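Values in this document were obtained by computation on a predicted structure and should not be read as measured data.
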Amino acid sequence: RNLDEGGHTVRLTEEFWLSDHEVTQSEYQAVMGNTPSSFTGDLNRPVEQVSWEESVEYCRKLTAKQRAEGILPDGWEWRLPTEAEWEYAARAGTTGPRYGELDAIGWYDGNSGSQTHPVSQKAANAWGLYDMMGNVWEWCSDWSGDYPTGSVTDPMGPSSGSGRVGRGGSWSDGARFARSAIRRRGHPGFRYLFLGFRPALSSVR
C-alpha cells in the first residue's frame, strides 16, 4: 500500500445509492449534449476526458432533468460520492486489496489493449457494482488530503485543497493501482483519457 492509505475506522450513517457502472459516453451525451472522449466507436464505453468540474455539472444537470421528468422527487440529488462512500461500495464487505481476481473484475494494463472497454463486461462485486477496479479512474467529491488518525463518521474530506480525489485505477495502470484502497489526486480542471466518474444518489445534504 501507499503511505496515504493508512487504515482507520469509518462509520457511514447516511443512505446512498451508487450507479452500478461508470457514466457512459451515451449517458453523458444525453445530459451534456456532447462527448469529450478520446476513445470512440462504442457509446457504452465510459466517458473520459472529463474534469471534476464537468462531472459535478453532469450530476447537477441530471438531477434537474430527472426532477423535470418526474423521475426524481424533490429532496433527492445526483452527486459525486465521497471517497469513503466510494471505498465502502467498492469493497462490498471485503477487506483485501480487491473484491475478486483482477482479470475477472477489471480492465488494467495487463488486459485492456491500451484502451477503455464498454462498461459492465467484467464481473461485478457482491453488491452488483461493475468496473470499480480499472477501466477509468473515478472522481470523488473530496478534496485530497491526509486521512484522519482516529475513527470518523460520514467523512467528506478536507474543507479545501488543490486537488480532488480519484479512485479505482484505469486501463492504463498496472495491477498495483487496481485496488480498493488506491488514491490519486488531480486538479479539478484536469482532463485525461483515463479519468471518468460514476454518480451517487442521496437526499440533498
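Linking Ile, Leu, Val, Met, Phe, Trp and Tyr residues whenever their side-chain heavy atoms come within less than 4.5 Å leaves Leu43 and Val119 in two separate clusters. Taking hydrophobic clusters as Ile, Leu, Val, Met, Phe, Trp and Tyr residues chained together by side-chain heavy-atom distances below 4.5 Å, Trp17 shares a cluster with Val23. Connection of Val152 to Tyr147 is not established within any shared hydrophobic cluster, with ILVMFWY side chains joined at heavy-atom distances below 4.5 Å, either directly or through further cluster members. Criterion: ILVMFWY side-chain heavy atoms under 4.5 Å apart, direct or through other members. Under it, Val31 and Trp139 are part of a common hydrophobic cluster. Under a hydrophobic clustering in which Ile, Leu, Val, Met, Phe, Trp and Tyr are joined whenever their side-chain heavy atoms come within less than 4.5 Å, directly or via other members, Met32 and Leu62 fall into the same cluster.
The shortest distance between side-chain heavy atoms of Phe190 and Arg164 does not fall below 4.5 Å. At least one side-chain heavy atom of Tyr58 sits less than 4.5 Å from a side-chain heavy atom of Glu27. A 4.5 Å side-chain heavy-atom check between Thr94 and Asn125 finds every atom pair outside the cut-off. Counting only heavy atoms from C-beta outward, the side chains of Thr63 and Arg67 approach each other to under 4.5 Å. Residues Phe177 and Arg184 fail the side-chain proximity criterion, which asks for heavy atoms closer than 4.5 Å. Here the side chains of Arg11 and Ser151 are not in contact, with every heavy-atom distance at 4.5 Å or above.
Proximity of a side-chain donor or acceptor of Ser37 to a complementary backbone N or O of Phe39 within less than 3.5 Å is not detected. Between the side chain of Asp154 and the backbone N or O of Thr13 there is at least one donor-acceptor pair closer than 3.5 Å. Remark: side-chain polar atoms of Asn111 are paired, donor with acceptor, to backbone N or O of Gly106 under 3.5 angstrom. With hydrogens and angles disregarded, a donor-acceptor distance shorter than 3.5 Å links the side chain of Trp171 to the backbone of Leu193.
From Ser38, atom OG reaches atom CZ of Phe194 across 11.0 Å, with rounding to the nearest 0.5 Å. The CD atom of Glu101 sits 13.0 Å away from atom CE of Met133, with the distance rounded to the nearest 0.5 Å. Put simply, CZ on Arg185 and OG on Ser162 are 3.5 Å apart, with the number rounded to the nearest 0.5 Å. Taking CG of Asp142 as the start and CH2 of Trp86 as the end, the distance is 12.5 Å to the nearest 0.5 Å. Interatomic distance, Arg91 CZ to Leu129 CG, rounded to the nearest 0.5 Å: 14.0 Å. To the nearest 0.5 Å, atoms CH2 (Trp137) and CZ (Arg183) are separated by 11.0 Å.
Summarising the local packing, CZ of Phe16 is surrounded by more than 12 heavy atoms from other residues, nucleotides or ligands at distances under 6.0 Å. Within 6.0 Å of CG in Asn34 there are more than 12 heavy atoms belonging to other residues, nucleotides or ligands.
The residues Arg79 and Glu14 are annotated as not salt-bridged, no charged nitrogen and carboxylate oxygen being separated by less than 4.0 angstrom.
Ring geometry for Trp143 versus Trp52: interplanar angle under 30°, hence parallel rather than tilted (30 to 60°).
Partner of Arg167 under the salt bridge (charged side-chain N to carboxylate O under 4.0 Å, His left out) criterion, out of Glu22, Glu85, Glu87: Glu87 alone.
Annotation: ring pair (Phe, Tyr, Trp, His ring centres under 6.0 Å) contacts involving residues 91-112, sequence neighbours excluded, comprise Trp107-His117.
Pairing each heavy atom of Pro155 with each of Val10, the nearest pair is CD-CG1, 3.6 Å. Heavy atoms only, all atoms of each residue included: Gly168 and Ile182 are closest at N-CG2, 3.7 Å. Scanning all heavy atoms of the two residues, the minimum distance from Ser170 to Asp173 falls at OG-OD2, 2.8 Å. The shortest non-hydrogen separation linking Cys59 to Trp78 is CB-O, 3.5 Å. Contact between Asp103 and Lys122 at its shortest, heavy atoms only, is O-NZ, 2.7 Å. Across every non-hydrogen atom of Leu80 and Arg198, the tightest pair is CD2-O, 4.4 Å.
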Does Val47 form a side chain to side chain contact (heavy atoms under 4.5 Å, CB included) with Thr35? I'd like the steps, not just the answer.
CA-CA 7 Å; Val47 70; Thr35 175; 4.1 Å; yes
Just do the side chain to side chain contact (heavy atoms under 4.5 Å, CB included) check on Met132 and Leu18 with the steps written out, would you?
CA-CA 11 Å; Met132 298 299 286; Leu18 191 65; 3.9 Å; yes
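Checked by atom type, the side-chain pair Asn44/Thr24 shows no donor-acceptor distance below 3.5 Å.
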